[in-house]
Amino acid sequence: MTGTTSTYRAWQQLSGKPLGTRLFSAAAMARVPYFASILPHVVRMEPGLAEVTVPKWFYVYNHLHTVHAIASCNAAEVAMGMLMEATVPTTHRWIPKAMNVAYLAKATTSLRARAELTPPDFSAITQGTDIVVPVSITDRHGVEVVHADITTWVTPA
């Protein structure tokens, strides 16, 4: 059995409590202040899966009054990061390496970013390897407005 990250342990401790997911999300923004501009709310976090919601509010508007492209990328990165924190054991470490993004439709509502992958066998990762985390970003109606494939570099710790 390998250890879980402090981020995932915090999620496990807080998520089942009243306002626990909000407190966890606020702590995540304090740790990574850049993400505060999109006000992410981590609503699900487990090995192989993370979901983050992002409200449509003034600071994410573009000139069309829709959610701007980089806000969508930030949402994808938060979801990917939470997935990796819940998935990668403490025997390994990870870092984002690349992001391939497709803007599929105008984002006219709040958003939900869902990162999902089948966890690899980390005991087989003895050298650096790329793991691609797909992230689907949907609007309130369930329409995928953005798709991102985020390549992470995973190495033994």
With rounding to the nearest 0.5 angstrom, report the [atom1] to [atom2] distance, [X] to [Y].
X    : Y    : atom1 : atom2 : answer
S37  : I70  : OG    : CD1   : 10.5 Å
F24  : M29  : CZ    : CE    : 11.0 Å
R114 : E144 : CZ    : CD    : 11.5 Å
R93  : T5   : CZ    : OG1   : 15.0 Å
R22  : L19  : CZ    : CG    : 8.0 Å

Are [X] and [Y] connected in the hydrophobic side-chain network, where two residues link if heavy atoms are under 4.5 Å apart?
X    : Y    : value
Y34  : Y61  : yes
L14  : L49  : no
M80  : V132 : no
L104 : V60  : no
V43  : I137 : no

Are any side-chain N or O atoms of [X] and backbone N or O atoms of [Y], one a donor and one an acceptor, separated by less than 3.5 Å?
X    : Y    : answer
T53  : R112 : no
T108 : T66  : no
S15  : W11  : yes

Where at least one partner belongs to residues 103-147, residue pairs that pass ring-ring contact (aromatic ring centres under 6.0 Å, His included), sequence neighbours excluded: H92-F122
Nearest heavy-atom neighbours spanning [X] and [Y]:
X    : Y    : value
A113 : A76  : CB-N, 4.4 Å
I125 : V154 : CG2-O, 4.0 Å
T87  : G48  : OG1-N, 2.8 Å
A115 : V133 : CB-CG1, 3.9 Å

Taking C-beta and beyond as the side chain, do [X] and [Y] meet within less than 4.5 Å on heavy atoms?
X    : Y    : answer
T155 : W94  : no
T152 : K97  : no
V146 : V101 : yes
V143 : T138 : no
Y8   : M82  : no
K56  : H65  : yes
D130 : W153 : yes
L83  : L117 : yes

Intermediate values then yes/no, side-chain contact (heavy atoms from CB on, under 4.5 Å), L111 and V67: CA-CA 9 Å; L111 302 176; V67 178; 3.8 Å; yes
Derivation of the side-chain contact (heavy atoms from CB on, under 4.5 Å) call for D139 and V145: CA-CA 7 Å; D139 66 13; V145 295; 4.1 Å; yes
Test side chain to side chain donor-acceptor pair (under 3.5 Å) applied to R140 and S110, step by step: CA-CA 6 Å; R140 277 194 197 154; S110 58; 3.0 Å; yes
side-chain contact (heavy atoms from CB on, under 4.5 Å) assessment of T7 paired with M45: CA-CA 10 Å; T7 303; M45 183 178 175; 3.9 Å; yes
Within 6.0 Å of CG in L64, more than 12 heavy atoms from elsewhere: yes
Heavy-atom neighbours of R9 CZ exceed 12 at 6.0 Å: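 Buried by this count: over 12 neighbours within 6.0 Å.
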Intermediate values then yes/no, side chain to side chain donor-acceptor pair (under 3.5 Å), R44 and T21: CA-CA 9 Å; R44 192 163 176 194; T21 61; over 6 Å; no
Criterion side-chain contact (heavy atoms from CB on, under 4.5 Å) on V135 and I150, from CA distance to verdict: CA-CA 8 Å; V135 183; I150 304 175; 4.2 Å; yes
